[in-house]
*Asks:* 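What follows is a structure written as structure tokens; I'll ask about it next.
Lettering of chains follows the sequences in order, A, B, ..., and the numbering in each one begins at 1.
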There are 2 protein chains.
Amino acid sequence: MSDDRTVLRDEPHDGVRWLNADEQATWRALLLCYQLLDEALDRQLQHDAGMPHSHYAIIAALSEAPGSAMRMSELAAMLRFSPSRMTHAVASLERKGWAARARCPEDGRGQFAALTAHGRMVLERAAPGHIAEVRRRIFDRLTSTQQRQLRGICDTILDGLDPSSHASPHRPTRISDTSA
Amino acid sequence: MSDDRTVLRDEPHDGVRWLNADEQATWRALLLCYQLLDEALDRQLQHDAGMPHSHYAIIAALSEAPGSAMRMSELAAMLRFSPSRMTHAVASLERKGWAARARCPEDGRGQFAALTAHGRMVLERAAPGHIAEVRRRIFDRLTSTQQRQLRGICDTILDGLDPSSHASPHRPTRISDTSA
DNA sequence: TGAATCTGATTGAACTCTCAACTATCCTAG
DNA sequence: CTAGGATAGTTGAGAGTTCAATCAGATTCA
């Protein structure tokens, strides 16, 4: 209890190679970056628009869908949410009157989530502030070289995390896709 | 309601410049990367060690502190947690017997959080799996060039987020610092 | 000294997310 | 046509986080 040396040493253990000093520093910076970025974005949205980032992602996705509506499962797949998470989130949006659900005619099990007029208005009001924050925190700070590097790094890491993310190479993207 | 065009256009609005296609793609990749990485790490720790990533960060930090103990506020500042979050988290660790709290003699308001022997054991068991996951998801995939690039990008972004993060340039880092 | 203020930490409510059931519908093979 | 299994989505409990309010011990200064 009064030992000031860590119990974890930088030698292999259980067949695991530990991180070296450089890797540690990078990992620490990455984690901190994630954490602070996430908090900054969430705080901005929560404060200025009364919604968490995940809800913004949902209404932004809906706003770009044909008829402003999508099947729950489509939505979940697109945003990589669990079905349960999506149900809870859309239920919450519904309570606020920003979204509505409707049974799917072709499949009795299915549900559509649709953006309401009110929801669309809320999104329109929330988007500028959100995008400004993204810009301010990230794109205004990075050189175009760094931006390209970042893209490559993310794609590389995603390859190992998300088999289905060789995604969207040429899909005509839309602006509110600053979401997720 | 049956309008398939997005309400958000890629023209300036409210003085905010929207993201262009490249920026959007990068931003999307970054978000997805964050999300999946975070889930992967959290799931691994939760599944194999019964704790969320944030709790791992706490016990790892404690394990490296002199006497395996730190003031609540120190701990919170180091990990960039709110006081409230830290209180709740340490309370949870205490319930599991992994940490203990003790009043600070010099300052009646203060509290120390200390790692228990049990907590140290739990950390020792959890660390290899966690580090392996970090390695597998990130460092095994990136070239050393990419690693350097990533470090630079994170530092750049952190400059705008966290004034106090020009941090740890030469502090003798320790292994369990794969935390946070 | 003693009021006003500041600081370290805690509390409880509200909310989101996860996980493990569970319901309802659809599909398929016998 | 019906039993078994797959699919779409929901439910509720448990946990972590945030926020605002609060408490108690320090500090300041008149």
Side-chain angles (χ1 to χ4, degrees), chain A residues 34-36 38-58 69-96 98-114 180, chain B residues 34-36 38-59 69-96 98-113 180:
Chain A
Y34 273 7
Q35 185 182 333
L36 297 183
D38 196 56
E39 280 172 18
L41 293 170
D42 233 42
R43 186 158 18 247
Q44 183 275 320
L45 272 172
Q46 192 68 57
H47 184 272
D48 296 351
M51 71 182 100
H53 196 194
S54 59
H55 290 194
Y56 180 90
I58 294 173
M70 286 177 81
R71 287 286 294 270
M72 295 293 285
S73 45
E74 258 188 293
L75 206 45
M78 164 176 294
L79 299 179
R80 250 60 65 136
F81 283 14
S82 70
S84 169
R85 184 182 184 184
M86 192 53 81
T87 294
H88 286 304
V90 171
S92 161
L93 292 176
E94 209 168 20
R95 261 176 261 126
K96 300 198 214 175
W98 299 353
R101 271 178 293 194
R103 296 218 81 78
C104 172
E106 300 121 25
D107 186 334
R109 297 163 300 181
Q111 288 264 92
F112 279 102
Chain B
Y34 273 8
Q35 184 181 334
L36 297 183
D38 195 57
E39 280 171 19
L41 293 171
D42 234 41
R43 190 165 6 255
Q44 184 275 319
L45 271 172
Q46 192 68 58
H47 185 273
D48 296 352
M51 72 182 99
H53 196 195
S54 59
H55 289 194
Y56 180 89
I58 294 173
I59 61 178
M70 286 177 82
R71 286 285 294 270
M72 295 293 285
S73 45
E74 257 188 294
L75 207 44
M78 164 176 294
L79 299 178
R80 249 61 66 136
F81 282 16
S82 71
S84 168
R85 183 182 183 185
M86 192 52 81
T87 294
H88 285 305
V90 171
S92 161
L93 292 176
E94 209 168 19
R95 261 176 261 126
K96 299 198 216 176
W98 298 354
R101 270 178 294 192
R103 296 217 83 76
C104 172
E106 300 121 25
D107 188 333
R109 296 163 300 181
Q111 287 264 93
F112 279 102

*Asks:* Considering only side-chain heavy atoms of B/Arg43, which listed nucleotide, C/dA9, C/dC19, D/dT18, is closest?
*Replies:*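 Closest nucleotide to the B/Arg43 side chain: C/dC19.
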*Asks:* What's the CD-C1' distance between A/Glu39 and D/dT17, to the nearest Å?
*Replies:*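 It is 10 Å, rounded to the nearest whole Å.
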*Asks:* Contact class for B/Arg101 vs. all strands (heavy atom < 4.0 Å): base, sugar-phosphate, or nothing?
*Replies:*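 The residue B/Arg101 makes sugar-phosphate contact but no base contact.
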*Asks:* Once you round it to whole Å, what is the distance between C1' of C/dG8 and CZ of B/Arg103?
*Replies:*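 That distance rounds to 10 Å.
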*Asks:* At less than 4.0 Å, is any side-chain N or O atom of A/Gln111 found next to OP1 or OP2 of D/dT10? Yes or no.
*Replies:*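 Result: yes.
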*Asks:* At 4.0 Å (heavy atoms only), tell me whether A/Thr87 reaches a base, stays on the sugar-phosphate, or touches nothing.
*Replies:*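 The residue A/Thr87 makes base contact.
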*Asks:* What contact category does A/Asp107 fall into here, base, sugar-phosphate, or nothing, at under 4.0 angstrom with non-hydrogen atoms?
*Replies:*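 Sugar-phosphate: the residue A/Asp107, judged by heavy atoms under 4.0 Å, touches backbone atoms but no base.
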*Asks:* Identify, between B/Gly108 and B/Arg95, the residue whose nearest nucleotide on DNA chain D lies closer to the 5' end.
*Replies:*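 Whichever sits nearer the 5' end wins; that is B/Arg95.
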*Asks:* When you look at A/Leu75 and A/Gln111, which way does the side chain to side chain contact (heavy atoms under 4.5 Å, CB included) test go after all the steps?
*Replies:* CA-CA 11 Å; A/Leu75 206 45; A/Gln111 288 264 92; over 6 Å; no
*Asks:* For A/Ser84 and D/dG9, is the shortest distance between a side-chain N/O and OP1 or OP2 below 4.0 Å?
*Replies:*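 For D/dG9, neither OP1 nor OP2 has a side-chain N or O of A/Ser84 closer than 4.0 Å.
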*Asks:* What nucleotide, of C/dA24, D/dA13, D/dC19, holds the atom closest to the side chain of A/Arg109?
*Replies:*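 For A/Arg109, the side-chain atoms sit closest to C/dA24.
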*Asks:* Rounded to the nearest 0.5 Å, what separates atom NE2 in A/His88 from atom CZ in A/Arg85?
*Replies:*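 Between A/His88 NE2 and A/Arg85 CZ, I get 11.5 Å after rounding to 0.5 Å.
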*Asks:* Strictly below 4.0 Å: does A/Ser92 bring a side-chain N or O up to OP1 or OP2 of C/dC15?
*Replies:*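 For A/Ser92, the contact criterion (side-chain N or O under 4.0 Å from OP1 or OP2 of C/dC15) is not met.
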*Asks:* Reckon B/Pro83 touches a base, only the sugar-phosphate, or nothing at all at heavy-atom distances under 4.0 Å?
*Replies:*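 Base contact - B/Pro83 has a heavy atom under 4.0 Å of at least one base atom.
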*Asks:* Side chain to side chain contact (heavy atoms under 4.5 Å, CB included) with A/Gln44: which of A/Asp42, A/Leu41, A/Asp48?
*Replies:*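 Only one option passes, and that is A/Asp48.
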*Asks:* Output the rounded distance in Å from CZ (A/Arg85) to C1' (C/dA20).
*Replies:*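 The distance from CZ of A/Arg85 to C1' of C/dA20 comes to 18 Å, rounded to the nearest Å.
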*Asks:* Just the rounded figure in Å: distance from C1' of C/dC19 to CE of A/Met86.
*Replies:*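 Taking CE of A/Met86 and C1' of C/dC19, I get 17 Å after rounding.
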*Asks:* What is the distance, rounded to the nearest whole Å, between atom CD of B/Gln35 and atom C1' of C/dT18?
*Replies:*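 Result: 14 Å.
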*Asks:* Measure the shortest side-chain to side-chain distance between A/His55 and A/Pro52 over non-hydrogen atoms and say whether it is less than 4.5 angstrom.
*Replies:*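 Contact flag for A/His55/A/Pro52 side chains = yes.
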*Asks:* Just how far, in rounded Å, is C1' of D/dA15 from CG of B/Asp42?
*Replies:*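 Atom-to-atom, B/Asp42 to D/dA15, this comes out as 11 Å.
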*Asks:* Choosing from C/dC19, D/dG12, D/dG16, which nucleotide comes nearest the side chain of A/His88?
*Replies:*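 That would be D/dG12.
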*Asks:* How long is the span from the CG atom in B/Leu79 to the CD atom in B/Glu74, to the nearest 0.5 Å?
*Replies:*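 Atom-to-atom, B/Leu79:CG and B/Glu74:CD are 11.0 Å apart.
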*Asks:* Looking only at the side chain of B/Ser73 (C-beta and beyond, no hydrogens), which of the listed nucleotides C/dG8, D/dT17, C/dT10 gets closest?
*Replies:*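 Comparing C/dG8, D/dT17, C/dT10 against the side chain of B/Ser73, the answer is C/dG8.
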*Asks:* In whole angstrom, what separates B/Gln46's CD from C/dC17's C1'?
*Replies:*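 B/Gln46 atom CD is separated from C/dC17 atom C1' by 11 Å.
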*Asks:* Taking NE2 from A/His53 and C1' from C/dC15, how many angstroms apart are they, rounded to a whole number?
*Replies:*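 Taking atom C1' of C/dC15 as the reference, NE2 of A/His53 is at 17 Å.
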